[in-house]
Amino acid sequence: MRRTLALCLLLLLAAGVPAATAQAPRPRNIVFILTDDHRHDALGVMGHPLARTPNMDALARGGAHMRNAFVTTALCSPSRASILTGTYAHTHGVVDNFTPIPPGLPNVGQLLQTAGYQTALIGKWHIGDANDAPQPGFDHWVSFRGQGEYVPRAGATMLNVDGQRVPQKGYITDELTDYAITWLGKASRDKPFFLYLSHKGVHANFSPADRHKGSLAGVAVPSPVTMPIAAADAGRFPTWVRNQRNSWHGVEYPYHSTLDVAEYYRQYMETLRAVDDSVGRVVDWLRQAGQLDNTLIIYMGDNGFAFGEHGLIDKRTAFDWSMRVPMLVYAPGLVTPGQQIDRVVANIDIAPTLLDLAGARPPAHMQGMSMLPVLRDATAPWRDTLLYEYYWEWSFPQTPTQFALRGEQYKYVFTHGVWDVDMFFDLKADPHEARNLIDDPAHAATIATMRAALFDTLDKTGGLKIPLYPLRGGQMRLRNPAGSGAASFPPALTAPPKRPQTP
């Protein structure tokens, strides 16, 4: 045995390979960049007329653009908990913006620490209450309470840096990037690093950096085809969709105000430009430090956002503009440049992917899958459908509990707790989800199959329960008296009365 080992070593030396490099190569570094409320089409590579995202576009061209990427719950805290734990909301229990991750459920930072990574979380945590204290799994911590603020207010806007509160100094997107680059510069070169850079942008209320304010003033804002009330009626949507347009999350009474939704959209896209600058700065640092070729970069949003689609704003629903997000994966030598992958991937796949990359086996409780096989070969075996779930919030009563099964062509949406109809869409024929086909006899068999598969997935993952928590926060329940009235019941629920049976 000793002779064999010695012979192998001599052969390596003869080939010009130093003895030290005969060991297993060091795992890749990981940079994970998360943006708040970034809708899937708000990228230059998607042809969005308002997108000015050259650095994100460069990641897409240099790596893989996952064009069918989703979150399993389109709400900040649940989505982030799913990213960190690799589990559905009904498993980790974070179904609203108030509940923390259970202490016994490890996050990916803890698991990567065990695998030998040095770790840092810089930016928005926002899981649980407004606490900004350092969380397990991260050697370095920079965060803030709740949503944070774009621009500091003297003496009132603080960051928590490794347990010590320090004043926020500047525009939050830029300052978080400064902290990220500083930590990268101090990280040891003897161990791989994991940077979790989590931006406040582009969460409302949108506030562009000074350098970007007004930069899109002359660009026309797209008007969604499903926004007019006539489109809502023609689409045969559930009553709750039609009624929500006149609510806190609707175009007729947005945030109970006279907000101009088109201008709001423009501010959102201007605010996104600083996030793109941040991506560029991080990539430039990796390149200059000689670390780019040994680093996996994943960029994604924590959920989508509507600007008038189906007459709504915000997220939460099972429509694609809510649950679909941008995801870009860049890793020279691992991910072939220029790929456009249409397989259905999700936030629950992030943690298993990072652990697989690190050479660590994902824990059995994780419900996502490593994307590495699909990144190597887009035709590799993969899931056919993905489960989506959202649980009704007392603070925002206009959106009911929803479960959905989303495939590459079809989507079935089951709504719980309301007297209404479900939804079914053929996404290839109708990418805007403009026509609800739930009562179309031609799709009855597919609908029945997907309904059964939805409940089978919930059953197998422990999701056949509706969580209930104490009421917290105010309730945004008002309607605009000048807006549209309540919708009539859908035709499927207004069948003519049956004739009385004769004896």
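- In this structure a side-chain-to-backbone donor-acceptor pair under 3.5 Å is present from Tyr150 to His203.
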Q: Please report the C-alpha distance between Glu149 and Arg153 in whole Å, then the side-chain angles of each, then the deciding distance to 0.1 Å, and finally whether the salt bridge (Lys or Arg N to Asp or Glu O under 4.0 Å) criterion is met.
A: CA-CA 9 Å; Glu149 299 189 36; Arg153 292 180 291 112; 2.6 Å; yes
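- Here the shortest heavy-atom pairing between Asp342 and Asn68 reads O-ND2, 2.9 Å.
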Q: Evaluate side-chain hydrogen bond (donor to acceptor under 3.5 Å, both in side chains) for His90 paired with Glu389, printing each intermediate quantity in order.
A: CA-CA 8 Å; His90 65 253; Glu389 59 188 334; 2.9 Å; yes
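- Scanning for ring-ring contact (aromatic ring centres under 6.0 Å, His included) contacts around His256 gives Trp248, Tyr253, with sequence neighbours left out.
- Although no hydrogens or angles enter the test, the distance criterion places no donor-acceptor pair under 3.5 Å between the side chain of Trp382 and the main chain of Val374.
- For Tyr264 and Phe206, the ring centers are positioned less than 6.0 Å apart.
- Taking CZ of Arg324 as the reference point, atom CE of Met66 lies at 12.0 Å (rounded to 0.5 Å).
- Under the 3.5 Å distance criterion, the side-chain polar atoms of Arg145 are left unmatched by any main-chain donor or acceptor of Thr157.
- In this view, Ala262 and Val221, Asp260 satisfy the side-chain contact (heavy atoms from CB on, under 4.5 Å) rule, not counting sequence neighbours.
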Q. Can you check side-chain hydrogen bond (donor to acceptor under 3.5 Å, both in side chains) on His92 and Ser82, steps first, answer last?
A. CA-CA 7 Å; His92 58 62; Ser82 290; 2.9 Å; yes
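- Using modelled atom types and a 3.5 Å distance limit, the side chains of Ser79 and Asn347 yield a donor-acceptor pair.
- More than 12 non-hydrogen atoms from other residues, nucleotides or ligands lie less than 6.0 angstrom from NZ of Lys465.
- Considering Arg211, Arg273, Lys200 as possible partners of Asp174, the one that fulfils the salt bridge (Lys or Arg N to Asp or Glu O under 4.0 Å) test is Arg211.
- Only one option out of Leu328, Val279, Leu59 pairs with Ile297 in a side chain to side chain contact (heavy atoms under 4.5 Å, CB included); it is Leu59.
- In this structure, Tyr412 and Phe414 have tilted ring planes: the angle between them lies in the 30° to 60° band.
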Name each donor-acceptor pair under 3.5 Å that joins a side chain in residues 424-433 to protein atoms two or more places apart or in another chain, with its distance.
residue	atom	partner	partner atom	Å
Asp426	OD1	Gln409	NE2	3.4
Asp426	OD1	Lys428	N	3.3
Asp426	OD1	Ala429	N	3.3
Asp430	OD1	Glu433	N	3.3
Asp430	OD1	Ala434	N	2.9
Asp430	OD2	Ala434	N	2.9
Asp430	OD2	Arg435	N	2.9
Glu433	OE1	Asp320	N	2.8
Glu433	OE2	Lys411	NZ	2.5

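- Side-chain contact between Leu458 and Leu387 is present, with heavy atoms from C-beta onward closer than 4.5 Å.
- Across Thr271 and Pro208, no two heavy atoms sit closer than the pair OG1-N, 3.3 Å.
- For His416, the NE2 atom sits in a loose shell: 12 or fewer heavy atoms of surrounding residues, nucleotides or ligands are nearer than 6.0 Å.
- Counting only distance, with no hydrogens or angles, the side chain of Asn55 and the backbone of Asp276 share a donor-acceptor pair below 3.5 Å.
- Using a distance-only test at 3.5 Å, with no hydrogens or angles considered, a donor-acceptor pair links the side chain of Glu252 to the main chain of Ser484.
- Formation of a donor-acceptor pair under 3.5 Å by the Ser395 side chain with backbone atoms of Arg472 is found in this model.
- No side-chain heavy atom of Tyr391 sits less than 4.5 Å from a side-chain heavy atom of Glu393.
- Residue pairs that meet the side-chain hydrogen bond (donor to acceptor under 3.5 Å, both in side chains) test with at least one member in residues 297-308, sequence neighbours left out, are Thr35-Tyr299, Asp37-Asn303, His38-Tyr299, Arg80-Asp302.
- A donor-acceptor pair under 3.5 Å is absent between the side-chain atoms of Ser322 and the main chain of Ala74, judged by distance alone.
- Annotation for Ser370 and Asp356: closest pair OG-OD2, 2.6 Å, computed over non-hydrogen atoms.
- With hydrogens and angles disregarded, no donor-acceptor distance shorter than 3.5 Å links the side chain of Thr177 to the backbone of Ser278.
- For Phe144 and Trp125, the gap between ring centers reaches or exceeds 6.0 Å.
- Closest approach of Met423 to Phe237, counting heavy atoms only: SD-CD2, 4.3 Å.
- Residues forming a ring-ring contact (aromatic ring centres under 6.0 Å, His included) with Tyr265 (at least two apart in sequence, or on another chain): His48, Phe307.
- Looking at His365 and Leu105, their side chains come closer than 4.5 Å, going by heavy atoms from C-beta outward.
- A distance-only check finds no donor-acceptor pair linking the side chain of Arg39 to the backbone of Gly301 [under 3.5 Å].
- Of the candidates Thr353, Val345, Leu296, Val329 forms a side chain to side chain contact (heavy atoms under 4.5 Å, CB included) with just one, namely Leu296.
- The nearest pair of heavy atoms linking Lys124 to Cys76 is NZ-SG, 3.6 Å.
- Not one N or O on the side chain of Tyr388 forms a donor-acceptor pair closer than 3.5 Å with the backbone of Phe403.
- Residue pairs meeting the side-chain hydrogen bond (donor to acceptor under 3.5 Å, both in side chains) criterion with at least one partner in residues 219-235, sequence neighbours excluded, are Asp233-Arg242.
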